[in-house]
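Please read all numbers here as calculations on a predicted model, not as lab measurements.
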Amino acid sequence: MRFQEGRLNLQPDLIDMTFIQNIQSAAIKSLKEIFDEDFTEKDFQVNETKPEFTGDYTIVLFALVKTLKLSPEKLGATLGEYLVKNYSDFFSGFNVIKGFLNLEIAGKQLTGLLNEHYASEAFAKNTSGPHKKIMVEYSSPNTNKPLHLGHLRNNFIGWSVAEILKADGNEVIKSSIVNDRGIHICKSMIAWEMFANGATPESTDQKGDHLVGEYYVQFNNEYKREVEGLINDGLSKEEAEKEAPIMLKTQQMLLDWEQSKPEVIDLWKKMNSWVYKGFDETYKRIGCDFDHTYYESNTYLLGKDIVQEGLEKNILFKKDDGSIWIDLSEEKLGEKLLLRADGTSVYMTQDIGLAKQKFEEYHLDKSIYVIGDEQLHHMKVLKEILKKLGFPFADELFHLSYGMVELTTGKMKSREGTVVDADDIVNEMIETAAKHTEELGKVKDFTEDELKELYEILGLGAMKFYLLRVDPKKRMIFNPEESIDFHGFTGPFVQYTYARIQSILRKIKAEGNDINAAETLDSNELLPLERELIISLEKYNNAIQDAAKEMTPAIIANYVYHLAKLFNSFYSEHSVANAESQEKKQLRVRLSIMTANVIKSALQLLGIKVPDRM
RNA sequence: GGCCCCGUAGCUCAGUUGGAUAGAGCAACAGCCUUCUAAGCUGUGGGUCACACGUUCGAGUCGUGUCGGGGUCACCA
């Protein structure tokens with residue numbers, strides 16, 4: 001955020017910063033001038049002032065007291081006076097309570113911020129930023145079953161983190177690796193051959209991913225049945241699991257696939273295409289997109305040459321049976337197999353190859369993997385192997401791990417069919433949105449299409465906000481019995497605030513006012529809620545930076561909720577259209593426009609759209 | 001068993017590099033629509049921040065230990 005030059009008598013290098021950064025800089029400079037002591041921003045804290053005290057920002061003095069050998073009260077008074085005197089355009093007052101120096105930001109500074117930024121839709125987005133090239137891999141589905149609630153969390157987090165990193169000034173490539181081969185894919189194929197009688201998405205009027213998923217479940221039912229039968233015939237559990245005919249058939253199919261047997265490849269292509277079509281529909285609906293899609297069927301042989309090289313350099317070693325390993329016992333990660341005795345590769349081998357390919361293809365500075373936390377160990381090992389193999393990019397791999405979504409009734413398991421299906425839950429949310437909207441009856445003049453669009457905006461808004469407001473790394477519990485709320489700390493709450501602001505602006509325009517009148521406001525007298533709102537708007541910048549640094553959309557969700565909440569208080573307390581004076585009206589119009597812009601922008605980072613009416 | 005993560009109000013979650021009397025929403029209760037949309041606003045009740053010790057001016061936050069929950073330690077992906 002920029003302060004207007006000339007308005008603020010800070011040094012030129014202090015201009016391009018947030019309020020907090022400005023306060024830190026001003027304090028450091030003042031301390032140097034008063035006491036001739038050098039401090040950095042890490043030596044003391046600048047916080048927001050707690051509501052029960054007067055002031056906007058607070059400098060915590062305790063840490064400075066030791067060095068300066070002054071009482072906190074004396075230091076606070078000295079520094080406060082100096083700051084207000086020398087930065088009079090920025091600070092209008094101060095008070096000291098115990099070790100806390102509370103500072104008030106000058107009203108002029110706040111109205112100045114409004115004047116400059118209220119109409120900017122790109123407010124707080126970083127355009128001069130680090131410009132790092134970052135790949136965010138997310139979603140990465142299996143083609144043997146439809147997406148469920150856990151995948152939605154992954155998709156929303158991945159998409160949103162990518163957008164947040166863009167807003168923080170980086171170039172971002174969204175990618176996905178489709179897990180389209182392997183024994184699990186063959187399971188659905190075998191079951192389809194055995195039980196489907198040629199059923200297709202068209203013949204059953206079903207989404208392709210759902211159809212294929214059904215046969216994956218059916219495989220497991222049949223497998224279980226066969227194993228039980230064999231155990232009854234006297235086989236041990238292990239033997240039965242190995243000998244079950246359906247499993248033997250599946251393993252044969254995997255071999256046939258690897259040898260490109262035409263009828264297997266044809267079936268594989270056919271069933272995969274059904275799934276892709278289904279996925280595309282879901283992705284489109286939930287607003288996910290990818291700049292590049294990798295397919296495991298193309299990448300599963302990657303990494304073999306790297307392993308050979310590693311062997312030649314003695315970084316890896318060969319066991320008597322010919323299998324190739326890496327020794328990570330120094331890192332307390334044990335030994336890890338990289339190539340089987342028969343020369344075929346494992347999951348890790350491919351990940352090594354793909355990591356390298358990504359960095360080389362895109363010249364990345366950083367590669368982020370949005371993957372569930374059950375793979376923390378795998379990703380740790382991957383990173384360590386790459387490091388040992390001498391790849392400099394190893395340090396730039398980042399596993400953005402997120403916790404499982406669990407149900408109140410227990411874990412979701414695709415194999416057992418105990419999942420909350422992604423399409424189902426999205427449909428439910430949209431239906432709920434429709435129900436609420438109809439009950440309230442505020443948009444009776446909407447056309448069918450307008451209503452449909454509104455329901456999608458609200459239903460998906462509720463859904464996305466619900467999954468994104470929680471810190472990704474924490475696992476979360478979902479109660480399928482209770483539908484996701486539309487009141488309180490929710491997407492629709494924030495969307496509602498936006499819609500109400502649009503309503504205000506419509507009214508003011510309808511009265512013949514120009515809401516973009518060019519005159520500059522110079523009011524120094526702001527009411528408490530007006531002050532709080534501007535200060536809250538200013539913090540959007542911090543929210544983006546923090547969210548990008550921590551890679552968590554939850555920071556944006558919390559920020560925008562608090563902003564909306566604050567605006568709602570302001571809304572019920574003060575009138576915009578019937579403000580006490582023309583000047584107040586102008587101020588509040590700008591405040592409303594800027595709030596709406598920031599809400600729209602922040603929700604956009606979460607993949608949530610805003611309605612003009614609801 | 002080894003390693004990793006988590007434990008904050010009845011429930012779901014915030015709580016910035018340690019800072020002032022730990023905050024929201026839901027649920028409960030009480031108010032507020034003749035005034036820009038009540039999907040809203042205002043208020044009340046609700047806490048041994050799992051437990052113990054330690055570090056220090058100060059600990060929900062850092063350290064050690066204990067208890068409880070989860071994950072992982074595949075020639076699966």
Undergrad: Contact class for Asp471(A) (heavy atom, under 4.0 Å): base, sugar-phosphate, or nothing?
TA: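 Since only primed, P, OP1 and OP2 atoms lie under 4.0 Å of Asp471(A), the category is sugar-phosphate.
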Undergrad: When you measure from the side-chain N and O atoms of Lys50(A) to the phosphate of A20(B), is any distance below 4.0 Å, counting only OP1 and OP2?
TA: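 It does, given that an N or O in the side chain of Lys50(A) lies less than 4.0 Å from OP1 or OP2 of A20(B).
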Undergrad: Within the structure shown, what part of the strands sits under 4.0 Å from Gln375(A) by heavy-atom distance: base, sugar-phosphate, or nothing?
TA: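 The residue Gln375(A) makes base contact.
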Undergrad: At 4.0 Å (heavy atoms only), tell me whether Lys507(A) reaches a base, stays on the sugar-phosphate, or touches nothing.
TA: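 Sugar-phosphate: the residue Lys507(A), judged by heavy atoms under 4.0 Å, touches backbone atoms but no base.
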Undergrad: Have a look at Met404(A) and say if it touches a base, only the backbone sugar-phosphate, or nothing, with a 4.0 Å heavy-atom cut-off.
TA: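 Nothing, no heavy atom under 4.0 Å.
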Undergrad: Atom CG of Asp373(A) to atom P of U72(B): distance rounded to whole Å?
TA: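 These atoms are roughly 9 Å apart.
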Undergrad: Taking atom NZ of Lys224(A) as the centre, report whether more than 12 heavy atoms of other residues, nucleotides or ligands fall under 6.0 Å from it.
TA: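 Atom NZ in Lys224(A) is not crowded, with 12 or fewer foreign heavy atoms closer than 6.0 Å.
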Undergrad: Considering only atom C1', compute the distance from A9(B) to C32(B) and round it to an integer number of Å.
TA: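 Per the computed distance, 26 Å lies between those C1' atoms.
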Undergrad: In whole Å, I'd like the distance from the CD atom of Gln21(A) to the P atom of U17(B).
TA: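 For the pair Gln21(A) CD and U17(B) P, the rounded distance is 15 Å.
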Undergrad: If the condition is side chain to side chain contact (heavy atoms under 4.5 Å, CB included), which residues does Thr58(A) pass it with, not counting sequence neighbours?
TA: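 Counting only residues at least two positions away or on another chain, Thr58(A) forms a side chain to side chain contact (heavy atoms under 4.5 Å, CB included) with Thr49(A), Phe100(A), Asn102(A).
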Undergrad: Ser160(A) side chain to Ile157(A) main-chain N or O, any donor-acceptor pair under 3.5 Å?
TA: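 No: the side chain of Ser160(A) does not pair with the backbone of Ile157(A).
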Undergrad: Over all strands shown, is Tyr496(A) touching base, sugar-phosphate only, or nothing at heavy-atom distances under 4.0 angstrom?
TA: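 Answer is base: heavy atoms of Tyr496(A) come under 4.0 Å of a base.
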Undergrad: Measure from NZ or CZ of Arg469(A) to the centre of the six-membered ring of Phe489(A), then state whether that distance is under 6.0 Å and the direction lies within 45° of the axis.
TA: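 So Arg469(A) does make the cation-pi contact.
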Undergrad: Name the nucleic acid region contacted by Thr437(A), choosing base, sugar-phosphate or nothing; use a 4.0 angstrom heavy-atom cut-off, strictly under.
TA: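 Touches a base.
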Undergrad: Over all strands shown, is Asp321(A) touching base, sugar-phosphate only, or nothing at heavy-atom distances under 4.0 angstrom?
TA: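 Contact class for Asp321(A): base.
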Undergrad: Establish, with yes or no, whether the OP1 or OP2 oxygen of A38(B) is under 4.0 angstrom from a side-chain nitrogen or oxygen of Tyr571(A).
TA: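 It does, given that an N or O in the side chain of Tyr571(A) lies less than 4.0 Å from OP1 or OP2 of A38(B).
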Undergrad: How would you label the contact of Ser575(A) with the nucleic acid (heavy atoms, under 4.0 Å): base, sugar-phosphate, or nothing?
TA: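 Counting heavy atoms under 4.0 Å across all strands, the contact made by Ser575(A) includes a base.
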Undergrad: Rounded off to whole Å, could you give me the CZ-to-P distance for the Phe465(A) and A14(B) pair?
TA: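 Distance, rounded to whole Å: 12 Å.
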Undergrad: Considering only atom P, compute the distance from G43(B) to U61(B) and round it to an integer number of Å.
TA: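 It comes out at 30 Å once rounded to the nearest Å.
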Undergrad: Please measure how far the P atom in U42(B) lies from the corresponding atom in C33(B), and state the result in whole Å.
TA: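 Roughly 16 Å separates the two P atoms.
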Undergrad: Look at the side-chain N and O atoms of Arg340(A) and state whether any lies under 4.0 Å from the OP1 or OP2 oxygen of C76(B).
TA: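 Result: yes.
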Undergrad: Would you say that Phe493(A) contacts Phe465(A) through its side chain, given a criterion of any heavy-atom pair below 4.5 Å between the two side chains?
TA: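 Counting from C-beta outward, Phe493(A) and Phe465(A) never come under 4.5 Å.
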Undergrad: Heavy atoms under 4.0 Å, any strand shown: does Glu296(A) hit a base, just sugar-phosphate, or nothing?
TA: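 Glu296(A): backbone/sugar contact only, no base atoms under 4.0 Å.
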Undergrad: Does His574(A) reach a base, just sugar-phosphate, or nothing at all? Heavy atoms under 4.0 Å.
TA: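 Counting heavy atoms under 4.0 Å across all strands, the contact made by His574(A) includes a base.
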Undergrad: Classify the ring geometry between Phe317(A) and Trp325(A) as parallel (under 30°), tilted (30 to 60°) or perpendicular (over 60°).
TA: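 The rings of Phe317(A) and Trp325(A) lie parallel, inter-plane angle below 30°.
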Undergrad: Does RNA chain B take part in any stems of at least 3 consecutive Watson-Crick or G-U pairs (both distances under 3.5 Å), and if so, which ones?
TA: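 Stems for RNA chain B, defined as runs of 3 or more consecutive pairs: B:1-7 with B:67-73, B:10-13 with B:23-26, B:28-32 with B:40-44, B:50-54 with B:62-66.
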Undergrad: Check whether the ring centres of His378(A) and Tyr347(A) lie less than 6.0 Å apart, and answer yes or no.
TA: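 Yes, ring centres under 6.0 Å apart.
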Undergrad: Determine: side-chain N/O of Lys474(A) to OP1/OP2 of G70(B), distance under 4.0 Å, yes or no.
TA: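 Negative; the distance criterion is not met.
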Undergrad: When you compare G69(B) with C29(B), how far apart are their P atoms, in angstrom units rounded to a whole number?
TA: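 My reading of the P atoms in G69(B) and C29(B) gives 35 Å.
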Undergrad: Mark this stacking check for Phe53(A) against A20(B) as yes or no, applying ring centres under 5.5 Å and ring planes under 30°.
TA: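 Phe53(A) ring centre within cut-off of A20(B) base, planes near parallel; stacks.
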Undergrad: Can you tell me how far C1' of A14(B) sits from CG of Leu468(A), to the nearest Å?
TA: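 Atom-to-atom, Leu468(A) to A14(B), this comes out as 15 Å.
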Undergrad: Give the rounded distance in Å between these two atoms: CD of Glu41(A) and C1' of U16(B).
TA: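 Taking atom C1' of U16(B) as the reference, CD of Glu41(A) is at 16 Å.
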Undergrad: Let's test your reading of the model: under 3.5 Å, does the base of A20(B) pair with the side chain of Thr58(A) as donor and acceptor?
TA: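 By the distance-only test, yes, there is a pair.
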Undergrad: By the rule that syn is within 90° of 0, classify the base conformation of C33(B) as syn or anti.
TA: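 Classified syn.
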Undergrad: Say you pick atom P in C26(B) and the same atom in G70(B); how far apart are they, in whole Å?
TA: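 Going atom to atom, P in each nucleotide, I get 31 Å.
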Undergrad: Between C1' on G40(B) and CG on Leu529(A), what's the gap in Å once rounded to a whole number?
TA: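 Computing the Leu529(A):CG to G40(B):C1' distance gives 15 Å.
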Undergrad: Just call it for Ile477(A): base, sugar-phosphate, or nothing, with non-hydrogen atoms closer than 4.0 Å on any strand.
TA: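 Sugar-phosphate, no base atom in range.
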Undergrad: Quick one: which protein N/O atoms are closer than 3.5 Å to N/O atoms of nucleotides 25-29 of chain B? Pair and distance per line, please.
TA:
{"from": "G25(B)", "atom 1": "OP1", "to": "Lys565(A)", "atom 2": "NZ", "distance (Å)": "3.2"}
{"from": "G25(B)", "atom 1": "O2'", "to": "Phe489(A)", "atom 2": "N", "distance (Å)": "3.3"}

Undergrad: Would you call the rings of Tyr223(A) and Phe219(A) parallel, tilted or perpendicular, where under 30° means parallel and over 60° means perpendicular?
TA: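 If you compare the ring of Tyr223(A) with that of Phe219(A), the planes turn out parallel.
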Undergrad: Without decimals, in angstroms, what is the distance between Asn154(A) CG and A77(B) P?
TA: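 Rounded to whole Å, this separation is 20 Å.
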Undergrad: Are Leu354(A) and Ile177(A) packed together at the side-chain level, in the sense that at least one heavy-atom pair is separated by less than 4.5 angstrom?
TA: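 Of all side-chain heavy-atom pairs linking Ile177(A) with Leu354(A), at least one is under 4.5 Å.
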Undergrad: Taking the C1' atom in each of A38(B) and G46(B), what is the distance between them to the nearest angstrom?
TA: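 These two C1' atoms come out 26 Å apart once rounded.
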Undergrad: What nucleic acid atoms does Asn102(A) come within less than 4.0 Å of, heavy atoms only: base, sugar-phosphate, or nothing?
TA: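 Base: the residue Asn102(A), judged by heavy atoms under 4.0 Å, touches a nucleobase.
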Undergrad: For U12(B) versus U17(B), give the span between their P atoms, rounded off to a whole number of Å.
TA: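 So the two P atoms sit 25 Å from each other.
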Undergrad: How many Å lie between CD1 on Ile504(A) and P on G40(B), as a whole number?
TA: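 So the CD1-P distance, Ile504(A) to G40(B), works out to 16 Å.
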Undergrad: Could you tell me whether Glu453(A) and Lys609(A) make a salt bridge, using a distance below 4.0 angstrom between a side-chain N and a carboxylate O?
TA: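 Salt bridge: no.
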Undergrad: Strictly under 6.0 Å, is that where the ring centroids of Tyr300(A) and Trp257(A) end up?
TA: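 Between Tyr300(A) and Trp257(A), the centre distance is under 6.0 Å.
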Undergrad: C1' atom, G58(B) versus A20(B): distance in rounded Å?
TA: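 It comes out at 10 Å once rounded to the nearest Å.
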Undergrad: Quick check on salt bridge (Lys or Arg N to Asp or Glu O under 4.0 Å): which of Glu583(A), Glu573(A), Glu580(A) does Arg588(A) satisfy it with?
TA: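 Among Glu583(A), Glu573(A), Glu580(A), the one that satisfies the salt bridge (Lys or Arg N to Asp or Glu O under 4.0 Å) with Arg588(A) is Glu580(A).
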Undergrad: For Val576(A), answer base if it contacts any base atom (sugar-phosphate contacts may also be present), sugar-phosphate if it contacts only those atoms, and nothing otherwise; contact means non-hydrogen atoms under 4.0 Å.
TA: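 Here Val576(A) touches the bases of the nucleic acid.
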Undergrad: Once you measure the plane-to-plane angle for His487(A) and His436(A), does it fall in the parallel (<30°), tilted (30-60°) or perpendicular (>60°) bin?
TA: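 Rings of His487(A) and His436(A): perpendicular, as their planes differ by over 60°.
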Undergrad: Under the 5.5 Å and 30° test, is Phe100(A) stacked on the base of A20(B)?
TA: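 Answer is yes, a stack.
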Undergrad: Take His562(A) and His377(A), find for each the nucleotide of RNA chain B with the closest heavy atom, and name the residue whose nucleotide sits nearer the 5' end.
TA: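 Its nearest nucleotide being more 5', the pick is His562(A).
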